[in-house]
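What follows is a single structure, written as structure tokens, with notes after it.
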Amino acid sequence: MPIVHSTALNETVKVERIIDHIHGKKGGPTVVFFGGIHGNETAGVFALKKVFDEIKSKKTPIYGQVYAVSGNLGALESKQRFQIEDLNRIWLPDRIERIVKKKTIHNHEEKELHELYLLLEDILGKGTPPFYFLDLHTTSSDTSPFMVLNDSLLNRKYASNYPLPIILGIEEYLKGALLSYINELGYVSLGFESGQHDDDKAVQNCVEFIRYSLVLTESVDASEKERESLRKKIFDAGRDTHTFYEIYHQHDIGSETTFEMCPGFTNFEIIPKGEQLAIIDGVGLKTTKKRQIFMPLYQKQGNEGFYFIRPIPKIVLWLSKKLRRYKVDHILVKLPGVQWADDKKDTLVVDQRIARFFAKSFLHLLGYRARKYDKAHLMAKNRESASKHEQYNGIAWFDS
């Protein structure tokens, strides 16, 4: 049984794949929390143990089922982000097919994926809807709490109940993330970043997030006063406003590149033009205009140096909601240079030599995740088609 140490708390615990599981009364949801998908991010593991122990000691009634799941067990024990490759970058259809169906496993992280996949299948097979999947993370840089999610209307609506900054569109830059895989199955799935890796506040922020999430999903009963008290604790933990942001740039670190982030940058910080951000192969990288930085890399492992983000105006959020609900995308295939990728009609192929007006930002409005397919074409996957909205009907957050 792996032993996990928290530098923040100076505590050590033994964990298994299922940290804990509470099977409550009938009529509730199935809520799954993940901790330690990255092995150097232990806050979620310790927070989950604390909350689940608290529920049991107080005999708090639970409705439905609640799971606490550990991610990369080997990396958690060695307290490194991963051992061979990032577990949160390999949830890709072809790899899952090879690992799970053909049982061809090449390294430690693929073994972890295999075990997690089988557990997810078991939970989805035995659990009762609605399903929620909440992934607890921390960052290498100083940060106040925020949320990261695939940009589906279902995810947006659920996440809007948290008084936190919300980052949309990261799945366009990170291939093979666990939450992207789950979201494409149609369920609410999002990531919570609670603070810096070895900060004790990150553990407490996770605890408050878990408590509030259990109330929001109606796994736990709470009065309006209790609910607002839990919500306020999350609000008080943050320094940044409840704003939707989109990622528009990722700085990739090449396999043969030396990258060193300049010290002192924090999440959501506005960086003026001309400021040096990093040293790459001995050369300084400076901003060419004013930028807002997100997740600057201050650890040895990782291939994403930093991101640039910008706030999304409320009118744009409203417009995208309307365009998606009226399925405007189905009209687009009548235009030259635009066609469906296959009979599923959930992926557009855009020839940008003909349909030059099809910028990524326009596709985002319609609910598509767009990636370059080749020099001339964009491949855009619909984020909305899989969403199981019907599972969440009748729940207070969904009907509000």
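Just so you know, residue 1 is the first one in the sequence shown, and it goes up from there. Keep in mind the model is a prediction, meaning the values are calculated, not measured.
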Q. So, are K102 and E97 salt-bridged, with charged N and O less than 4.0 Å apart?
A. no

Q) Where do K286 and E275 land on the salt bridge (Lys or Arg N to Asp or Glu O under 4.0 Å) test, with the steps shown first? A) CA-CA 5 Å; K286 296 183 179 181; E275 180 137 355; over 6 Å; no

(Q) Check this for me, if you would: do R211 and E54 make a salt bridge, where the nitrogen-to-carboxylate-oxygen distance has to be below 4.0 angstrom? (A) yes

Q) Under a 4.0 Å N-O cut-off, is there an ion pair linking R353 with D351? A) yes

Q.
Between D122 and K126, does any NZ, NE, NH1 or NH2 come within less than 4.0 Å of an OD or OE carboxylate oxygen?
A. yes

Q: Inspect the contact between D86 and K175 and indicate whether a charged nitrogen and a carboxylate oxygen are less than 4.0 angstrom apart.
A: no

Q) How about F268 and Y245: are their ring centres within less than 6.0 Å of each other? A) yes

(Q) Going by the rule side-chain contact (heavy atoms from CB on, under 4.5 Å), which residues pair with R369 if we only count those two or more places apart in sequence or in a different chain? (A) E171, E172, E184, R371, K381, R383

**Q.** Sequence-distant partners of I315, side-chain contact (heavy atoms from CB on, under 4.5 Å), two or more places apart
**A.** P313, W318

Q: Mark yes when over 12 heavy atoms from residues, nucleotides or ligands other than K157 sit less than 6.0 Å from its NZ; otherwise mark no.
A: yes

Q.
What's the separation between atom OH in Y368 and atom CG in D346, rounded to the nearest 0.5 Å?
A. 7.5 Å

Q: Mind checking the CG-CD1 spacing from L76 to I3? Nearest 0.5 Å is all I need.
A: 12.5 Å

Q.
side-chain contact (heavy atoms from CB on, under 4.5 Å), that's the test. Do R17 and E112 meet it? Break it down for me.
A. CA-CA 9 Å; R17 176 69 64 204; E112 299 276 358; 2.5 Å; yes

**Q.** Pairing of K111 and E115 as salt bridge, 4.0 angstrom limit
**A.** yes

Q) Rounded to the nearest 0.5 Å, how far does CE of M261 lie from CG of L285? A) 8.0 Å

Q) Do D53 and K58 meet the salt-bridge criterion of a basic N to acidic O distance under 4.0 Å? A) no

**Q.** Euclidean distance, R95 CZ relative to E110 CD, rounded to 0.5 Å
**A.** 4.5 Å

(Q) Side chains of H197 and Q299: any donor to acceptor distance under 3.5 Å? (A) yes

Q.
Within this structure, what is the OG1-CZ distance for the pair T287 and F308, rounded to the nearest 0.5 Å?
A. 7.0 Å

Q.
Taking the ring centre of each residue, are F133 and F33 less than 6.0 Å apart?
A. no

Q | K56 with D20: basic N within carboxylate O range, under 4.0 Å | A | yes

